[in-house]
Amino acid sequence: MFTEDKRNFRRMQVNTPAQLTTIEPIAGLNYTAECVDLSATGLSLHLDDLLELDTLLQVNIESTHPSIASLNATAKVIRASKEDDGTITAGLEIVQFN
């Protein structure tokens, strides 16, 4: 886990597809999401299904953005919610870059 103050990391809006595969508690469930912003320690997603807190995921983002490299990481769900307009969002903390 990162020990630095996460508020010091800039977030970048990216709006790019992301593929998620659960590691724990149930391995192998797949989700398609849209990564809406990204920082050195985490990312925010829009997706079709609500994720449970503390779920560990394998995250793959094949970036088409010229200033963002593709991402392959293990991340933990630290925030999940369904907004009033029906949008489902999740915040993930990067545990390890793979």
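Below, all heavy atoms of this structure are taken into account, side chains as well, without hydrogens, waters or symmetry copies. Throughout, residue positions are numbered sequentially from 1 according to the sequence presented.
The structure places CG of Leu50 at 8.0 Å from NZ of Lys82, a figure rounded to the nearest 0.5 Å. Atoms OG and CZ, on Ser44 and Arg79 in that order, are 4.5 Å from each other to the nearest 0.5 Å. The structure places CD1 of Ile23 at 12.5 Å from NZ of Lys76, a figure rounded to the nearest 0.5 Å.
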Item to check | Verdict with reasoning, Val59 to Leu92, per side chain to side chain contact (heavy atoms under 4.5 Å, CB included) | outcome: CA-CA 10 Å; Val59 179; Leu92 277 58; 3.8 Å; yes
Next on the checklist: Show, in sequence, the C-alpha distance, side-chain angles and deciding distance for Leu51 and Leu20, and conclude whether the side chain to side chain contact (heavy atoms under 4.5 Å, CB included) test is met.
Outcome noted: CA-CA 11 Å; Leu51 297 170; Leu20 312 173; 4.2 Å; yes
Next on the checklist: If you apply the rule side chain to side chain contact (heavy atoms under 4.5 Å, CB included), what do you find for Thr89 with Leu45, and how did you get there?
Outcome noted: CA-CA 5 Å; Thr89 62; Leu45 304 167; over 6 Å; no
Checklist entry - Could you go step by step and tell me if Gln96 and Ile94 meet the side chain to side chain contact (heavy atoms under 4.5 Å, CB included) rule? => result CA-CA 6 Å; Gln96 175 181 337; Ile94 296 172; 5.8 Å; no
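Counting heavy atoms from C-beta outward, Thr55 and Glu24 have side chains that stay 4.5 Å or more apart. For the pair Asn72/Phe97, no side-chain contact is recorded, criterion being any heavy-atom separation below 4.5 Å from C-beta on. Looking at heavy atoms from C-beta onward, Asp48 lies out of side-chain contact with Thr32 at the 4.5 angstrom threshold. Between Thr16 and Ile61, some side-chain heavy-atom pair lies under the 4.5 Å cut-off.
Few gaps surround CG on Asp85; more than 12 heavy atoms of other groups in view lie less than 6.0 Å from it.
Ile78 is not connected to Val36 by any chain of hydrophobic side-chain contacts under 4.5 Å among Ile, Leu, Val, Met, Phe, Trp and Tyr, and they are in different clusters.
The side-chain hydrogen bond (donor to acceptor under 3.5 Å, both in side chains) test with Gln58 is passed by exactly one of Thr22, Asn98, Thr21: Asn98.
For the 3.5 Å distance criterion, the side chains of Ser81 and Glu83 qualify, holding a donor opposite an acceptor.
The backbone N or O of Thr41 sits less than 3.5 Å from a side-chain atom of Ser39, completing a donor-acceptor pair.
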